[in-house]
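For this chain, numbers begin at 1 and follow the sequence in order.
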Amino acid sequence: MKITKINEPVPMDLFLLADPEEKSIQGYLPDSLVYIAKIKEETIAGYILQPIGEAAYELKNIAVMPGYQNQGIGRQLLDHLFKVVKERNGESVEVGTGTFGYQLAFYQRAGFRADRIDKDFFLLNYKEAIFENGIQHKDMLRLVIKL
């Protein structure tokens with residue numbers, strides 16, 4: 001697997017796996033760094049990273065194509081992201097996710113810790129309700145890792 005920085009075109013089908021609103025993705029793309037992972041010529045995963053302050057970055061999107069999930073590729077992307085942030089003299093990475101579910105566990109296993117809650121984030125920012133395991137996501141949990 002090879003991870004590289006890209007400009008255009010962005011594989012929207014990939015990033016829509018993690019953020020179901022294309023308008024939302026288009027909103028954070030202009031100021032972001034986009035990296036994709038390929039095996040041979042097939043794009044299998046990627047992430048979108050945005051500077052948010054002095055020495056701070058936000059992971060806006062991370063996605064792995066369904067046929068490649070649960071194989072450690074997401075963790076490899078996080079390790080790559082941490083390396084990129086450190087090379088840019090970054091000290092922390094923030095990510096927003098639901099207050100429950102497999103994504104939360106994924107970030108916690110990687111060392112992210114809860115920082116704050118954005119009440120009603122998913123209700124106010126998404127046209128369609130987002131459900132996981134029969135429960136609607138309403139609030140966003142903001143997590144941070146210090147590098």
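Considering all non-hydrogen atoms of both residues, D139 and D120 come closest at OD1-N, 2.7 Å. Between L123 and Q136, the closest heavy-atom pair is CD2-NE2, 3.4 Å. Smallest separation of non-hydrogen atoms from N61 and A18: OD1-CB, 3.3 Å. Of all heavy-atom pairs between G98 and L141, the closest is O-CB, 4.0 Å. Between S92 and V85, the closest heavy-atom pair is O-CG1, 4.3 Å. Counting all heavy atoms, side chain and backbone alike, L59 lies closest to L78 at CD2-CD2, 3.9 Å.
The CE atom of M65 sits 12.0 Å away from atom CD1 of I39, with the distance rounded to the nearest 0.5 Å. One finds the CG atom of D115 at 6.5 Å from the CD atom of E94 (value rounded to the nearest 0.5 Å). The distance from atom CG of L29 to atom CZ of F15, rounded to the nearest 0.5 Å, is 8.0 Å. Going from atom CG of L81 over to atom CD1 of I62 covers 7.0 Å, rounded to the nearest 0.5 Å. Note: T97 OG1 to L143 CG = 7.0 Å, rounded to the nearest 0.5 Å.
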Expected list for residues 44-55: side-chain donor-acceptor pairs under 3.5 angstrom, two or more places apart:
from, atom 1, to, atom 2, distance (Å)
Y47, OH, H80, ND1, 2.7
Q50, NE2, Y28, O, 3.3
Q50, NE2, S32, OG, 3.4

Quick one: side chains of residues 1-9, donor-acceptor pairs under 3.5 Å with protein atoms, not counting sequence neighbours, listed by atom name and distance.
none

Please table the atom pairs, donor to acceptor, closer than 3.5 Å between any side-chain atom in residues 99-110 and protein atoms at least two apart or in another chain.
none

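Pairs engaging residues 62-79 under the side-chain hydrogen bond (donor to acceptor under 3.5 Å, both in side chains) rule: E42-Y68, R75-D79 [sequence neighbours left out].
The environment of D13 atom CG is dense: over 12 non-hydrogen atoms of other residues, nucleotides or ligands sit within 6.0 angstrom.
Residues V144 and V93 do not share a hydrophobic cluster, defined by chaining ILVMFWY side chains whose heavy atoms lie under 4.5 Å apart.
E21 places a side-chain N or O within 3.5 Å of a backbone atom of K127 that can act as its donor or acceptor partner.
Under the 4.5 Å side-chain criterion, counting only non-hydrogen atoms from C-beta, V84 is not in contact with F82.
Every residue was checked against the salt bridge (charged side-chain N to carboxylate O under 4.0 Å, His left out) condition with R88, not counting sequence neighbours, and none meets it.
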With side chain to side chain contact (heavy atoms under 4.5 Å, CB included) as the test, would you mind laying out the steps for H137 and E132 before giving the verdict? CA-CA 7 Å; H137 281 286; E132 185 176 347; 3.0 Å; yes
Evaluate the side chain to side chain contact (heavy atoms under 4.5 Å, CB included) criterion for residues I25 and M12: first the C-alpha distance (whole Å), next the side-chain angles of each, then the deciding distance (0.1 Å), finally the verdict. CA-CA 8 Å; I25 297 169; M12 194 58 66; 3.8 Å; yes
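Apart from F121 itself, the hydrophobic cluster it occupies contains F122, Y126, I130, M140, where clustering links Ile, Leu, Val, Met, Phe, Trp and Tyr at side-chain heavy-atom distances under 4.5 Å.
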